[in-house]
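Keep in mind the model is a prediction, meaning the values are calculated, not measured. Start at 1 with the first residue, then count along the sequence. Both ligands and their constituent atoms are indexed starting at 1 by order of listing.
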Amino acid sequence: MKKLLEEEILEQLRSTMADAHKIVLTCHTNPDGDALGSMTALASVLRRQGHEVVAVAPDRWPDNLLWLPGMDGVQMYVKNEDSVKSQIADADLVVMLDHGRLDRMSTLGEAIADLDARRIVIDHHPEPEEGADVVVCCPALCAACEVLYRVLDQLGWADDLTHDEAVSIYTGMMTDTGGFTYASSRPEVYAIISRLLEKGVDKDKIYRNIYYTASADRFRLLGYLLYVKMEIMHEFHTAIMTFTNEERRMFKIKNGETDGMVNQPLMIDKMRLSIFLREDTEQKDIIRVSLRSVDDFPCNEMSAEFFNGGGHKNASGGKIHGTMDDAIALVRKAVRKYADKLR
Ligand code: 5GP
Ligand code: MN
């Protein structure tokens, strides 16, 4: 496999980690399989090497990731702010996984900014912050877990990965590629998977755990959203779905359980863009936006321009200040602005 890092940055990584006694691992808000997979894998590797590790996610994760090995060692910042703050107060290193900016951690970002600690970024999102000490950010790779694997490989630690660490890394690569259906045509992806399978990873079971484990309520909601709520802007090959908190109560849907639903309208012939709008569960008049596209439509550019967000070309997110009606109007405006790239 081609080397990802120059010797110099590799040595910086090695010595920064070796010098650290207490290491905090973080990921982005609304953590997904890649965020939690990269965090649980690295937490386990570092603990085996004798480091004290605090792994913390800014907020809630979906129930279908609870089975991920090492999740019992991950803390949820919004639920235990004071306790986490005191645990991380004397940390000397923070490793930011699957995000490159403090503002992708909500209030946890402020707590991290206050620390007197060095910072490493291991990520695959465009435009990481400049304040970190070592930045390994590779937008061309499919997942933070792929970046992490290749870093571990170059450090000479990949052969010693445990079964559970391999499961975490596989999960992140699988979820960030929609089960290897996008951003996953590079042969290196499968070279890594092949080595993870040698660790005994049961990939079919992971696929079932993630994609075929829905509650009945969630499944009914998907049917309802597609049948009742989906608007198709045929001229622009775009589908828009909306989800209110009243509907959330009606279908008994928890935060995170709508993950992936945004992908479904892309199954419709000729669709290029799918946008999912959901009311925030905590803050009034905040609408969360998810965007998914096919081919080269740049969701991240649209999200940065209209929805205070960003992400990857084919998968991005953001938020809108206003009511659902305001959000729908803004989305229609954004779609018209990008008409040339959608027609
Ligand atoms: P999702 O639709 O699953 O919430 O987000 C898809 C992807 O978009 C995430 O994995 C993340 O890369 C990116 N993303 C989501 N929300 C934001 C945001 O507010 N800002 C930025 N920069 N990226 C986001
Ligand atoms: Mn990711």
Worksheet item: What do the steps show when you test Ser184 against Met173 for side chain to side chain contact (heavy atoms under 4.5 Å, CB included), and what is the final call?
Response: CA-CA 9 Å; Ser184 52; Met173 291 176 65; over 6 Å; no

Fill in: Residues that Tyr182 engages under ring pair (Phe, Tyr, Trp, His ring centres under 6.0 Å), provided they are two or more places apart
none

Worksheet entry | Geometric N/O contact Gly309 with ligand 1, under 3.5 angstrom | no

Discussion item. Under 4.0 Å from a heavy atom of His312: which atoms of ligand 1 are those, numbered in the order shown and with their elements?
Written reply: 12 (O)

Practice prompt. For residues Leu108 and Ala57, report the shortest heavy-atom separation together with the two atoms involved.
Written response: CD2-C, 4.3 Å

Worksheet item: Do Leu273 and Met271 sit in the same hydrophobic cluster, where Ile, Leu, Val, Met, Phe, Trp and Tyr count as joined when their side-chain heavy atoms come under 4.5 Å apart?
Response: no

Worksheet item: With a cut-off of 2.8 Å, which protein N/O/S atoms are close to the Mn ion (ligand 2), if we only count those under it?
Response: Asp34 OD2, Asp98 OD1, His124 NE2, Asp176 OD2

Worksheet item: Does the gap between the ring centers of Tyr338 and Phe236 come in under 6.0 Å?
Response: no

Worksheet entry | atom 12 (O) of ligand 1: nearest protein contact (heavy atom, Å) | His125 NE2, 2.4 Å

Discussion item. Test: side-chain hydrogen bond (donor to acceptor under 3.5 Å, both in side chains). Region: residues 265-275. Which pairs qualify, not counting sequence neighbours?
Written reply: none

Worksheet item: Any idea which atoms of ligand 1 are less than 4.0 Å away from a heavy-atom of Gly310?
Response: 8 (O), 13 (C), 14 (N), 20 (N), 21 (C), 22 (N), 23 (N), 24 (C)

Practice prompt. Would you mind running through ligand 1 and noting each atom that sits below 4.0 Å from a heavy atom of Ser290?
Written response: 1 (P), 2 (O), 4 (O)

Worksheet item: So, Ser303 versus Ser316: side-chain donor-acceptor pair below 3.5 Å or not?
Response: no

Discussion item. Taking side-chain hydrogen bond (donor to acceptor under 3.5 Å, both in side chains) as the definition, give me every residue that meets it alongside Lys229, ordered by chain and number, with sequence neighbours left out.
Written reply: Thr242, Glu247

Response to the item:
Taking every heavy atom of Arg60 against every heavy atom of Lys254, the minimum-distance pair comes out as NH2-CD, 3.5 Å

Worksheet item: Quick check, are the ring centers of Phe276 and Phe307 under 6.0 angstrom apart?
Response: no

Fill in: Sub-4.0 Å atoms of ligand 1 with respect to non-hydrogen atoms of Gly318
16 (N), 19 (O)

Worksheet item: CG of Asp82: more than 12 outside heavy atoms within 6.0 angstrom?
Response: no

Discussion item. Please list, in number order, the atoms of ligand 1 under 4.0 Å from a heavy atom of Asp32.
Written reply: 10 (O)

Worksheet item: How far is atom 7 (C) of ligand 1 from its nearest protein heavy atom, and which residue and atom name does that atom have?
Response: Ala315 O, 3.6 Å

Worksheet entry | Residue-ligand contact Arg292/ligand 1, heavy atom below 4.0 Å | yes

Worksheet item: What residue and heavy atom of the protein are closest to atom 14 (N) of ligand 1, and at what distance?
Response: Arg104 NH2, 3.3 Å

